[in-house]
2 protein chains.
Amino acid sequence: MLEQTKVNIIDQSNEALLDQMGLKKTKLRLELVKHFKDAKHAQSYSDLKQIMGEGVDKSTLYRNLSAFEEVGLIHGINDHSGITKYALGASPSAGQEHAHFVCESCETVYCVKGMTEIQMKVPSGFKAKNIQTIIRGTCANC
Amino acid sequence: MLEQTKVNIIDQSNEALLDQMGLKKTKLRLELVKHFKDAKHAQSYSDLKQIMGEGVDKSTLYRNLSAFEEVGLIHGINDHSGITKYALGASPSAGQEHAHFVCESCETVYCVKGMTEIQMKVPSGFKAKNIQTIIRGTCANC
DNA sequence: TTATAAATGCAACTGAGTTGCATTTAATTT
DNA sequence: AAATTAAATGCAACTCAGTTGCATTTATAA
């Protein structure tokens, strides 16, 4: 078994990456991975559809996003908009949390790594496994 | 103009509360406020529908939730489930942040006040206005 | 008590995401 | 290289949360 958390996503070729994740290398998947690597902010379904081409099937795209998320290649972010956005990297887990910045003006979502420090206690009887932080505000482009 | 943040929600009668918020005191609204005060965890549309009675109209309920949220009587919480849940109190804003605890087993959402301390820096050019934290784990009942 | 602006009820709609199924394709086997 | 097969795709139909338009009713102010 492969330890996904130890795979360095950015340094791998797109092909190697899909191989390691046990995913077949289809044209769309390669394009998706490439795009996620370049993306400066989190991508919604419609962002991706626009970039991958309008001909791309909805189910196929969504199924690939799910597949990518399952293996930890990307992670979904749920802000107040109700539209899930995806960004490269596994879901932030214990020890490697990162926050998400949502711009209130353009609704763009950015991953903000290593800039938040969260100390949490939970009521007795509760067990915390992971933490997700969403910062709302105005981004550099707005 | 009334400063909503200074209104102490719990100490007021339901009637006075709606008055102060500039909302008409309808039967459903009074029941809703009452229920929100008693609720031990955040409420979804279907939680509320069940409690308010199946006869309650969907639009009416949703419109009341929006109205309550707008005046800061309740705040919506968006976890990974895609179903918005609501809890008493204005949206956590600067200085009075609180976290939300989502139970991975029963999907119940709790507000956790005064137990998290978050220090955040954001990249230059970004301006943070408020912060929302979701802790995932197992609750005391599971 | 009357006027009126807001709240309700209903039905129809929107839009994100899912599912079933037949077809195609990437990867494996011989 | 050809045959096999399990997974990926494309399509249509569906689900489900939440919204909207509009006619009717109700809370509140005059």
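What you see is a predicted model, and the numbers here were worked out from it, not measured in a lab. Heavy-atom basis, side chains included; hydrogens, waters and symmetry copies ignored. By convention in this document, chain letters (A, B, ...) are assigned in the order of the sequence lines, proteins followed by strands, and residues within each chain are numbered from 1.
Side-chain contact between A:Ile131 and B:Ile134: absent, with no pair of heavy atoms (C-beta onward) separated by less than 4.5 Å. Side chains of A:His100 and A:Thr133 form no contact here, defined as non-hydrogen atoms less than 4.5 Å apart.
Applying the side chain to side chain contact (heavy atoms under 4.5 Å, CB included) criterion to B:Lys25, with sequence neighbours excluded, gives B:Glu15, B:Leu18, B:Asp19, B:Leu30. B:Ser91 pairs by the side chain to side chain contact (heavy atoms under 4.5 Å, CB included) definition with B:His75, not counting sequence neighbours. With sequence neighbours excluded, the residues that form a side chain to side chain donor-acceptor pair (under 3.5 Å) with B:Ser46 are B:Ser44. Remark: B:Tyr45 engages B:Tyr62 in a ring-ring contact (aromatic ring centres under 6.0 Å, His included) (not counting sequence neighbours). Remark: B:Asp38 pairs with no residue by the side chain to side chain donor-acceptor pair (under 3.5 Å) rule, at least two apart or across chains. Taking B:Gln50 as the reference, B:Glu54 meet the side chain to side chain contact (heavy atoms under 4.5 Å, CB included) condition, with sequence neighbours excluded. The side chain to side chain contact (heavy atoms under 4.5 Å, CB included) search around B:His41 returns B:Gln43, B:Thr108, B:Tyr110, not counting sequence neighbours.
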* Sugar-phosphate atoms are those with a prime plus P, OP1 and OP2; base atoms are the rest. Using that split, label each nucleotide of nucleotides 23-30 of chain C B, S or - for protein heavy atoms under 4.0 Å, 5' to 3'. => ---BS---
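Residues B:Leu48 and B:Leu88 are members of one and the same hydrophobic cluster, defined by side-chain heavy-atom contacts under 4.5 angstrom among Ile, Leu, Val, Met, Phe, Trp and Tyr. Both A:Tyr86 and A:Leu73 are part of a single hydrophobic cluster, where members link through side-chain heavy atoms under 4.5 Å apart. Clustering ILVMFWY residues whenever any of their side-chain heavy atoms sit less than 4.5 angstrom apart, transitively, puts A:Ile77 in a cluster other than the one holding A:Leu61.
When the C1' atoms of four end pairs are superposed on the next four at each end of the helix from C:dT1-D:dA30 to C:dT30-D:dA1, using five pairs per end, the two resulting axes differ in direction by 30°, to 10°.
Rounded to an integer number of Å, the gap from A:Leu28 CG to D:dG10 C1' is 12 Å. Whole-Å rounding puts the B:Met21 CE to C:dA7 C1' distance at 18 Å. Here D:dT9 presents its C1' atom at 16 Å from CE of A:Met52, a figure rounded to the nearest Å. Separating the CG atom of B:Asn64 from the P atom of C:dA6 is a distance of 15 Å, rounded to the nearest angstrom. For A:Leu61 and C:dG15, the CG to P distance is 18 Å, given to the nearest whole Å. Atoms CD (B:Glu15) and P (D:dA27) sit 13 Å apart, rounded to a whole Å. For A:Leu18 and D:dA7, the CG to P distance is 16 Å, given to the nearest whole Å. If you measure from atom CD of B:Glu31 to atom C1' of C:dT8, you get 14 Å, rounded to the nearest angstrom.
Here salt bridge (Lys or Arg N to Asp or Glu O under 4.0 Å) pairs that include residues 75-91 of chain A, with residues two or more places apart or in two chains, are A:Asp79-A:Lys85.
Looking at residues 34-44 of chain A, you'll see that no heavy atom sits under 4.0 Å from any atom of DNA chain D.
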N/O-N/O pairs, protein side and nucleotides 17-22 of chain D side, under 3.5 Å:
| from | atom 1 | to | atom 2 | distance (Å) |
| --- | --- | --- | --- | --- |
| D:dG18 | OP1 | B:Thr84 | N | 3.2 |
| D:dG18 | OP1 | B:Thr84 | OG1 | 3.0 |
| D:dG18 | OP2 | B:Tyr62 | OH | 2.8 |
| D:dG18 | O6 | B:Lys58 | NZ | 2.8 |
| D:dT20 | O4 | B:Ser59 | OG | 2.7 |
| D:dG21 | O6 | B:Arg63 | NH1 | 3.4 |
| D:dG21 | O6 | B:Arg63 | NH2 | 3.4 |

